[in-house]
Amino acid sequence: MADQTVTEFLGALRKAVSNVQLYPEGHPYSDEAIRSLSIHVPAITQAEPQSVLSLVGGAFYLNRQVMPQSSIEHRSMVHTMERRGLESITLREGATTGDLRELAGFLSGESGDVPAEGTVVLNERPYSRAELEAEAGLSGLRRSYASSIDLLRGVSAASLDPEAQADLESAVWSVESLLEQVLLEKGASLLLASIKTHDQYTFFHSVNSSILAMSVGRALGLDDDQLIGLGLGGLLHDLGKTKIAPEIITHPGRLDDSQWVEIKRHPQEGAQAILAASGPGQEIAARVALEHHARFDRDGYPTLKPGKLHLFSRIVAVCDTYDALTTRRSYKRALPPTVALDVITEAAGSQLDPDVVGLFIDMMGIYPAGSLLRLQTGDLVMVVESDESGAELAGAVVMTADGEHVDDLRVEAIDQHEIVDLVLPDEAGIAPAALLEGIHVAGNG
Amino acid sequence: MGAHRLVQALAVAWSTAQLYPDPTSVPAFAAAVESLGEPAVTGLELDVTLDGFMHRGEPVDVKHGAAERLARALFSHNVESIALVGRPTPEEVARLFQEVESEDTTLSADFKERLELAGVQAFRLRLHRLLEDAEAVPEDQGEERSEAVEELFNALAPEESVVEQLEVIDGSGPRAEAFVDFYGEAIGSLEAGDWLGKEKVVQAYVDAFVRLERDAQVQILETTLQHRHEKHFENFLDQFAAQELALLAPHLHDSALLLLLDYARVVSEEKGEEANLETLLTAEADLSGARNAVAARVGERMAEMRRLGSESENRRERLAPDIPPTGNAAGGEGVRVLNELLLIESRSARTLRLLRLWAGKVASAVRAGDMVTAVEWSHAIAEQGRLDPKLVDEAFGYLAADDILEILVSDTGDAGARTELLEVIGRRAGLNVLELMAREEDPGRRRVLIDVLAEIARLEIGVVLPGLADHRWYVVRNLALALGKSGRRAAAEPLSRLARHEDHRVRIEALRGLMPCLGPDASPHLLAALADDHVRVRSTAIDLLASLEDAAVLPQLGDMARDDSLSAEQRTAVIEAVASRPSAAATGLLSELASSKAGLSGAARSMRAAAREALRSRDG
């Protein structure tokens, strides 16, 4: 679980950089942030007493291993390090709080000096770029995903200006890039689409919905042009939420009537924003945004003219629901993928199109890629491939019965009779998408 | 002027700061900062946009690219506006730029604090409130929270901290009680508005809950259900999926099970998607199975769907007709969406925005020469009957811009589509078309516009009528031409008025127009025109009368020829009208008039002379 460790370290580093900028040395907040950062160091240096966190081609590597989840989740740290000309951070066992403060100070721009010796050393990477990149199998997929997140962040910021138009050209470019990867790496794409972060839910949810929708479209035999329209719909379906007051979007618990009225406007807000910015061939995304909550039985919102919802809207509705159910959101727990499929099957025919639900489950399998299953042996396996009935199941043991994380991921067939429990990634402390690259390499090997 | 100076000075200072490691030693920087101290710029507030700075809604245009770059850099920190509230020192400005340059937008929520900490006081910044900021705000309320909660938040895994607290308590019952107490205390120690804090507490306790033994879970659930109307217990319950609660249901006391059913009903009513819980609780399914029983059920459902013929191929076959054709007319989707949006929207300001959006769509398609798409878009409004006419007129006014109309009357793109568009536009903005026609110098394009006006008049005559009062004779003449081309009987009344217009050129066109609108019934107007003062009007009337049947006009012509109240010229014109008719009846009337004894006036003599001359011409 090196990737999870790095993700936590980078999260703590980000907080430390922020606090070092705000508060002087000796201030409790500043000291606490550095202390928190230091707590994460032993996990990093556990494998190698001198561990190197490198940044190459927009991706983080711990020693020689690429860290896909960290690379996607900590885009801002990627940008910060690139701006500061920082290519690697070498952490030695027992890194001191003083050296970690130097690191945070350097990244914040407070200090211009690069520590040359000590327990934290900068820009002393023992591996060449080529060496590292040779280890990363899915850089294209990862980059497409990351650039889509960047794009959505930009669209979201721009949408605060009522007169500004969304940058649909870039959105189309992002979707084309994602599609290329979906076509190239079907299984890996679905696994990547299981990436979850609570902090930036909307962005990740939108990219996941886009990938899932394009995968369903592919199973349905859509051509590239159609898939791009569908992917664009998935990517932008929740754009309208950026137009709703943040207090309402992040409101905990149930909403009152007036808040509901506002929330229910997000499909039309999104449709209007997309329509305003769209060119020929892109308007389908506006229709998806408008219809994605209308429900198959037309009992949803907004109330639209009678008639069938567009096929793309029905597909995105299923993918949207699935990803939302499997993601931990504000005041809402995540469900294991299989439980989410159960909820979706329950909603087939009322909220969701039963044929699309069927197709979705065909594609995902009863145990979708990324599912964590407890076996009779006590081992925890992550599903990598699954068929519709669950009979053909393949996965890798990611944690042993005694709680040890497994780094050498080997994909093997899983006997579904051995499954005793479904486990939430949060509960197990495992982020399936973080294992993506390791599993892929092992799978090919 | 002040805003311009302010932006100019900021731009110079910014570009200098980017070039030199220590800008404070560069004269250009010092001079720019000096300008920032001028009274004219103090107190000015600039809005920050991606395209540059704005002041009071207007862009501040300076010929310095750095202004735009600085605005973008500020924007990336979510800065909404920046104001100069004092005389800044060069060091202060340099520090401001240093912070801006760091470009770590993830720290935007702290940007103002960072500036304060850096001693930047001469500038006042206002930040956009982003979603992430909204989440970040309560996080900084740490000072308000109790020590226990703060400890919880600082733990790497908060739920573990809760579990550790509970593990020291023996027995499921006491552990469950302690769980509920701790949870209530943790929530109670938070500020009312500290939503993020509450969310963290709820999540920590829910995550801890799933780690407890079932007996404790059941007891906690029972207590929670008893107090489910309290907000924090309601939030706690809401975290669970229907399946999770259903699995615990068989272990609850009867009274608690009833409470759970009640909760399920409430949730089902409030949120349709959670109806699942009620179904699960009332179904006869075996709820005591393990968590993965759900997977088996999905499998069963899938099998059932297969039995019902829902297997993959059938599904694909059923969905196939719904697949949109590739490269489908995407405009069609846009038109549909716009139509739906207009139907849903009840707020007039938003409706107007939608109508402007529509006008923009039509206009951009026209400008791109894609008339077919433009026509498609134009129908989005045409199908809307319930819109406020004032708003629609405003949108059409925007659409009927000169450049759009000029493209539509040019030779660009599909001619039929162009005419259709002109008609659609003209029906709501006929006067714009009229004005364009008035200015049009090219005869060919003018003819197109007249044809369009004719079509508009055919469809909505009222749209063009205000133009009849125009002071320019040629405008009214062309409108008369268009009214005539419309061929509508309703156009006769305005045309008959124009037949008495002060300008003879208008009168001529009005007479011509009356013929297609009234046919033989136009004769009274034509006959009356024979008495017109202007020879060309009379001549036109004569020509037009020639096309009518003898029976419709000859008796009247005879009467007019004998009318002593008419002048010699007028009566001669009447003879000309008779003479222009080749029929025997006309010859007979001429003979009769030539030999008429009535009238000794000069006019009568002239009339008889003209009749005789006409007869001679026929004989010859």
Side-chain angles (χ1 to χ4, degrees), chain A residues 14 18 21-22 76 80 83 109 160-161 220 222-223 225-226 246-247 249-250 252-254 268 271-272 275-276 278 280-284 286-287 290 299 302 304-305 311 330-333 335 338-339 341-343 345-347 351 355 358-359 361-362 366-367 388-390 419-422 427, chain B residues 49-50 98 102-107 110 113-114 117 128-129 131 134-135 195 198-199 202 206 210 231 234-235 238-239 241 243 270 272-273 276 290-292 294-295 297-299 301-302 305 310 312 315-316 318-319 322-324 326-327 330-331 333-334 336-338 340-341 343-344 354 357:
Chain A
R14 185 184 130 179
S18 170
Q21 278 178 319
L22 280 172
S76 59
T80 304
R83 265 197 313 277
L160 291 170
D161 177 358
L220 196 54
L222 302 185
D223 69 22
D225 280 349
Q226 292 162 334
E247 306 86 82
I249 295 287
T250 56
R254 297 177 203 164
Q268 62 194 93
Q272 185 172 340
L275 205 55
S278 60
Q282 300 165 353
E283 285 107 342
I284 182 61
R287 186 154 173 203
L290 183 66
D299 202 22
L304 302 169
K305 282 194 280 191
L311 173 64
S330 188
Y331 269 77
K332 200 72 197 167
R333 292 180 69 232
L335 298 183
T338 307
V339 179
L341 287 184
D342 185 47
V343 174
T345 336
E346 190 74 35
Q351 185 185 342
D355 285 325
L359 202 62
I361 295 176
D362 283 354
I366 291 176
Y367 301 101
E388 174 189 340
S389 64
I419 302 168
V420 294
D421 200 4
L422 307 170
E427 287 173 14
Chain B
T49 76
L50 277 174
Q98 208 173 358
S102 77
E103 287 183 12
D104 191 342
T105 54
T106 61
L107 305 171
D110 305 325
E113 288 180 58
R114 278 163 50 196
L117 210 68
H128 283 292
R129 265 201 93 204
L131 288 175
E135 287 186 353
W195 291 338
K198 286 180 183 172
E199 184 188 338
V202 173
V206 169
V210 297
K231 195 73 188 170
E234 178 192 304
N235 286 337
D238 283 352
Q239 304 309 299
Q243 286 84 352
E270 287 185 1
E273 71 268 23
N276 201 13
R291 214 176 184 186
N292 65 329
V294 171
R297 226 176 54 212
V298 176
R301 287 215 183 110
M302 292 307 298
M305 286 172 86
S310 301
S312 302
R315 273 195 285 278
R316 286 194 180 88
R318 278 196 298 275
L319 291 171
D322 295 345
I323 297 176
T326 191
E333 291 300 342
R336 186 189 164 111
V337 171
L338 186 71
E340 293 274 19
L341 289 172
L343 282 171
I344 300 164
L354 284 168
L357 192 160

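Throughout, protein chains are lettered first and strands after them, A, B, ... in sequence-line order, and every chain is numbered starting at 1. What you are looking at is a predicted structure, and each value in this text was computed from that prediction instead of being measured. Computed over heavy atoms, backbone and side chain alike; hydrogens, waters and symmetry mates excluded.
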- Are A/Glu283 and B/Val337 side-chain neighbours, meaning at least one heavy-atom pair lies under 4.5 Å? no
- Note on the structure: Residues A/Leu359 and B/Arg315: closest non-hydrogen pair is N-NE, 3.4 Å
- Against chain B, label A/Leu290 side chain, backbone, both or neither, depending on which of its atoms sit under 4.5 Å from a heavy atom there. side chain
- Item | Region of B/Leu357 in contact with chain A, defined by heavy-atom distances below 4.5 Å | side chain
- Query: Where do B/Glu340 and A/Lys305 come nearest, in terms of heavy atoms and distance?
  - Reply: OE1-N, 3.1 Å
- Pairwise side-chain contact, A/Leu304 with B/Leu343, heavy-atom cut-off 4.5 Å (strictly under): no
- Atom pair CD/CG of B/Glu333 and A/Leu275 - distance to nearest 0.5 Å: 11.0 Å
- Okay, A/Ala286 and chain B: the region with an atom under 4.5 Å from a heavy atom over there is both
